[in-house]
Amino acid sequence: MEAQYHPRSIEPRIQREWDEARAFAAPDHSPKPKYYCVSMLPYPSGKLHMGHVRNYTINDALARFLRKKGMNVLMPMGWDAFGLPAENAAMANKVAPAKWTRENIDYMRQQCKSLGWSIDWTREIATCDPSYYRWNQWFFLRLWEKGVIYKKTGVVNWDPVDMTVLANEQVIDGRGWRTNAPVEKREIPMWYMRITQYADELLDSLDGLGWPEKVKQMQRNWIGRSAGVEFTLPYAPETARRMADGKKGLRVFTTRADTIMGVTFAAVAAEHPLAAVAAKSNPRLAAFIEECKKGGVQEAELATMEKKGMPTGLYVLNPISNEPVEVWVANYVLWGYGEGALMAVPGHDERDFAFAKKYNLAIKQVIEVAGKAYSTEEHQPWYDEHGRNINSGKYDGLEYEAAADAVARDLEALGLGSKRIQYRLRDWGISRQRYWGTPIPIVECPKCGDVAVPDGQLPVVLPEDLVPDGSGSPLAKMPSFYETTCPKCGGAAKRDTDTMDTFVDSSWYYMRYCCPDAKTMVDERAQYWMPMDQYIGGIEHAILHLLYARFWTKAMRDLGLITIDEPFTNLLTQGMVLNHIFSRRGEKGGIEYFAPDEVETTIDGEGRVTAAKLKSDASAVDYEGIGTMSKSKKNGVDPQDMIERYGADTARFYVMQASAPTDTVLWNDESIEGSFKFLRRLWVIVHEHVSSGVVATYSSGELTTELKALRLKLHRTIEKVGDDYGRRMQFNTAIAAIRELLNLYTDGKDKSPVAREVAQEVLEGAILLLTPIVPHICTALWRELRPGTELIAQPWPQVDPAALVQDSIELVVQVNGKLRAHIRVPANASRDQVEQAALSDEAVRKFVGDAKPRKIIVVPGKLVNIVA
RNA sequence: GCCGGGAUGGCGGAAUUGGUAGACGCACGGGACUCAAAAUCCCGCGGUGGCAACACCAUGAGGGUUCGAUUCCCUCUCCCGGCACCA
């Protein structure tokens, strides 16, 4: 055995052995219980970053642990290969997205292998392969047939210079990232998936999932089920004449029907038809509506905007009181949310209040909250709470529920409205005016309208030799792609030149892993592996991806493709790996990012960055704070240097020991050396033991106190580490426990034959416990400890109950909750004996005095608290 | 703005169900080994007072519940994630 640890010589060799033996290929049938664990598939941005290393090492450690526990574990891998960054890279480097993406995948696959993850590579998929995305298209058509997919208009960010639709990420401070032109809202036709049809089920079935409560809460809030009343505010006579739209009035929804007597105005979105009618005779209003079209569509931007509005001169009637109220156009009313119109109750809604204050509109209190004062001067949080009606005519004195019910009944009797459940959730728009995605399998025929591409003609293949230039929609400029004939009438027709949202790809890939070569979308192998036992991924996916995947699963079920209701039984949300972000605005308004290691910073006394400049030319750059590692912000850290310098095991060990998987971490590699030293020490310890010859592990015989304590520590550690890996999924504390075990082991000086047997037991145990984290070094050391056997075939170690038996235990004694003494009592001591031992301790007596204690609290096996 | 989460020594973090705050590391200081250095090993390491024993203070800030609070409740500050076209 080598006396020193040389990861570079052992790691590639062991990885080759695993590869050649297909050591981690999981069979689709097995007498063992199946365990399907997946980490969210990476976007092939070019190189792995530390967030990936963390994500897949967590998955790998769990997979390796559970294989040792006797399960048939599948850990697959794939590539979320469609998306915007490939088009950006294409523009920057004049290389086709397909070539760029496939080269990235090849490089990153090698990186994955060099990290020793126990992936079943026979199941690898890339979402940009026609063999994958043809099923996106096939499924799209099935959903269209069922009416789950439909077409309507949606609002997008429009760059008027590049004549192109921008992603939210490409809008910076309301301007196009490349052109610096002010962005406008524009309505275009798009395909939508009716996720709202599943809103109730998506909400209800959250309860049974083994997910973090916070994620379930976020999804509940996102779906936002609320009970309310949808009704019509009738047009005033003059308004009815001007509107002439055949409608009785303005349709609105409210969750606060009880406040209807407090309505002092109504408000509509700038895109609302009523606004257009009013603007016809009002140039100032028309200008305001134009003004509202400026800017992008991001909710964060819209919600923080200054509230602005203009009166329309049109009136609707309060349906209960018949009082007329004016309709305003307001920028805080969102088109596409409910009816795009609302009844405004400034007395009991914070946003309406702010708007009313700004434009001097009436504020009327109609709800009283017991014990809380009301003034129209400044909005207070309780104004929006439920309470008792006042100033509300016949509803006076009613509490929230009774008042809301009464109003709903009255509106129903008037034929104006009724109770309704509303969701915050909106249907999922999946059309993208981009190139690098799944083509939408629809032909637009001038005679027949939208026609499905027949199944036999799928997939509609995306041409792969195109280099986008950032203007327009790439496929719409490519006649060889879009020119076709109508499948129905045979006449000349045009393909839909939009592609699908990449969330479509990631909504079901984990089912395709189960049967990557299936001749159908999925086959019975998906039934074997699904639902997934453990899903692992970043907390940033808590809502969108996880909700779409849940919806997709239910849609597949309803088409009879699978029988499960939910895809992910358990979820581990990994915390983000953050790093500093440095940027600079270009002269044309574009934004350029710089890697943290290109930048030198000045730091104030609190550790905050106050200034930053480039190392290369000392020019100043802006510090944007810290944020998620991403290719676009150039703040990702490539693990390659670390692997080359210290080896994969050190990199794996380092990220796993640093923090709990769910914690957000700010990247820092200062203590990487410590992880390498630990592995080097482990190697030396085993070498020292083995150089005097291997022995049988301890099985019986008299032990010294020291050796008994060592065995106690070993078996407690086995217990703890198993719990940390399997139940808690907290690998950092497992590693700390193993370090404690080895520290105690190296403290021992005993070299007797029985001590060497215990040493053999401890070292074998430690290696088995460390295998999930650092499999390469453990494989090598095992061959030295137990020549002729292989670590991969060894089961998880058993806890020896005899080793856990103790004669006496230590208890903590508190006086009035403050720690005052430690006492040692027999393990089987009675409560009385424990109290007596505590009270007779000298330090305790000092604090208790002679008086009889008022109360003594005994927590068995832990502490005694004397209340004096 | 709205929804969800976080804050513990110089640093990363531990404390699992309300029960010993600071496990395990990193950095640092001292020592051993060495001609010297590296590596390794040993000791120390939250703050204040004290020769010491020990005492008091301390988990972002302020309040509360409890025999006992890092943990539960209320208010606030700052940071992170998401907000529907980044993935």
Side-chain angles (χ1 to χ4, degrees), chain A residues 40-43 45 80 83-85 88 154 156-157 165-171 212 214-215 217-218 220-222 224 296-305 332 350-351 424-434 501-503 506 538-545 547-548 573 575-576 578 607 625-628 630-633 657-660 662-666 668 670-675 677-678 680-681 684 720 723-724 727-728 730 732-733 735-740 743 746 810-819 822 843 854-857 859 862-863 865-868:
Chain A
M40 291 176 187
L41 83 178
Y43 179 80
S45 58
D80 190 14
L84 203 51
N88 295 339
V156 294
N157 304 305
V165 176
L166 296 179
N168 283 336
E169 191 192 46
Q170 297 170 320
V171 178
K214 62 174 175 180
V215 177
Q217 195 54 45
M218 280 191 260
R220 282 187 198 109
N221 294 344
W222 184 261
V297 299
Q298 297 173 65
E299 169 159 332
E301 185 189 328
L302 298 171
T304 50
M305 243 172 7
Y332 71 97
E350 191 174 355
R351 288 184 307 176
R424 210 188 71 95
L425 181 69
R426 307 199 299 255
D427 278 339
W428 175 16
I430 59 158
S431 295
R432 297 290 179 271
Q433 298 66 48
R434 305 198 195 295
D501 180 3
T502 55
F503 275 124
S506 55
I539 183 69
E540 75 273 26
H541 296 294
I543 296 174
L544 292 180
H545 161 61
L547 193 63
Y548 292 145
T573 47
M576 306 272 75
L578 309 177
I626 54 179
T628 313
S630 81
K631 171 110 178 167
S632 62
K633 297 200 167 159
Q657 62 85 44
S659 57
T662 51
D663 287 353
T664 298
V665 295
L666 176 57
N668 142 32
E670 280 169 16
S671 58
I672 178 84
E673 196 79 29
S675 294
K677 279 182 190 170
F678 172 77
R680 191 162 59 190
R681 178 165 157 247
V684 170
K720 173 168 174 57
D723 187 50
D724 278 353
R727 181 182 63 89
R728 296 217 297 157
Q730 193 162 305
N732 54 331
T733 48
I735 289 171
I738 298 166
R739 279 183 183 267
E740 282 185 51
N743 288 347
T746 53
E810 196 181 72
L811 294 182
V812 161
V813 186
Q814 297 179 334
V815 178
N816 295 328
K818 279 195 185 235
L819 173 68
H822 295 261
R854 286 200 288 144
K855 196 170 164 189
I856 300 179
I857 292 146
V859 181
K862 281 216 166 130
L863 65 70
N865 186 17
I866 298 161
V867 186

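So you know, we letter chains A, B, ... as the sequences are listed, proteins then strands, and number each from 1.
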Exercise for review: Return the value, rounded to whole Å, for the distance between atom NE2 of A:His541 and atom P of B:C83.
Suggested key: 10 Å
Point to revise | d(CZ, A:Phe503; P, B:A84) in whole Å | key: 10 Å
Exercise for review: May I ask you to say what A:Ile856 touches in the nucleic acid, namely base, sugar-phosphate or nothing, with a heavy-atom cut-off under 4.0 Å?
Suggested key: nothing
Exercise for review: Represent RNA chain B in dot-bracket notation, 5' to 3'. Only Watson-Crick or G-U wobble pairs with both distances under 3.5 Å count; pseudoknot-style crossings use [ ] and interstrand partners use |.
Suggested key: (((((((..(((......[....))).(((((.......))))).((((....))))..(((((..]....))))))))))))....
**Study point:** Nearest non-hydrogen partners of A:Asn157 and A:Gly296, listed with the distance
**Key:** OD1-CA, 3.0 Å
Point to revise | P atoms of B:C24 and B:C43, separation to the nearest Å | key: 12 Å
Check your understanding: Quick one: does A:Asn168's side chain get under 4.5 Å of A:Glu301's, heavy atoms only?
Key -> no
Point to revise | Contact letters for nucleotides 3-30 of chain B, in which S counts primed atoms plus P, OP1 and OP2 and B counts the base, heavy atoms under 4.0 Å | key: SSS------SSSSB--BB--BSSS----
**Study point:** Residues A:Asp724 and A:Thr733: side-chain donor-acceptor under 3.5 angstrom
**Key:** yes
Review point. Base, sugar-phosphate, or nothing: which does A:Lys818 touch, judged by heavy atoms less than 4.0 Å apart?
Key: sugar-phosphate
Review point. Given the P atoms of B:G29 and B:U20, what is the spacing between them in whole Å?
Key: 34 Å
Practice item. Mind telling me if B:G9 is syn or anti? Syn here is a glycosidic angle within 90° of 0. Key: syn
Practice item. Would you classify A:Leu84 as touching base, sugar-phosphate or nothing, given that sugar-phosphate means primed atoms plus P, OP1 and OP2, and contacts are heavy atoms under 4.0 Å? Key: sugar-phosphate
Check your understanding: Where do A:Asp80 and A:Tyr43 come nearest, in terms of heavy atoms and distance?
Key -> O-CD1, 3.0 Å
Review point. Which part of the nucleic acid, if any, lies within contact of A:Arg220, taking any heavy atom under 4.0 Å across all strands shown: a base, the sugar-phosphate backbone alone, or nothing?
Key: nothing
**Study point:** Shortest non-hydrogen contact between A:Val215 and A:Ile539, atoms and distance
**Key:** CG2-CD1, 4.0 Å
Check your understanding: Just how far, in rounded Å, is P of B:C78 from CG of A:Leu578?
Key -> 19 Å
Practice item. Using the C1' atom on both, measure B:C72 against B:G19 and round to a whole Å. Key: 14 Å
Exercise for review: Quote, to the nearest angstrom, the P distance that separates B:A52 from B:A15.
Suggested key: 34 Å
Check your understanding: Roughly, in whole Å, what's the span from CD1 in A:Ile430 to P in B:A87?
Key -> 14 Å
Practice item. Look at all strands and tell whether A:Ser630 reaches a base, only sugar-phosphate, or nothing, counting heavy atoms closer than 4.0 Å. Key: nothing
Exercise for review: Grab the CG-P distance between A:Asn816 and B:C67 for me, whole Å please.
Suggested key: 11 Å
Point to revise | Nearest-angstrom distance, C1' atom, B:A32 to B:A39 | key: 14 Å
Practice item. Pick the C1' atom in B:U59 and in B:U71, then give their distance to the nearest Å. Key: 11 Å
Review point. Base, sugar-phosphate, or nothing: which does A:Phe678 touch, judged by heavy atoms less than 4.0 Å apart?
Key: nothing
**Study point:** Minimum-distance nucleotide to A:Asn168 side chain [options: B:G1, B:C80, B:C86]
**Key:** B:C86
Exercise for review: Assign A:Gly625 to base, sugar-phosphate, or nothing according to its heavy-atom contacts below 4.0 angstrom with the strands shown.
Suggested key: nothing
Revision key, fill the gap. From CD of A:Glu301 across to P of B:G1 the rounded distance in Å is 15 Å
Check your understanding: For atom C1', what is the distance between B:U8 and B:G46, given to the nearest Å?
Key -> 11 Å
**Study point:** d(CD, A:Glu169; P, B:A84) in whole Å
**Key:** 13 Å
Check your understanding: In whole angstroms, how far is the C1' atom of B:A84 from the CH2 atom of A:Trp428?
Key -> 11 Å
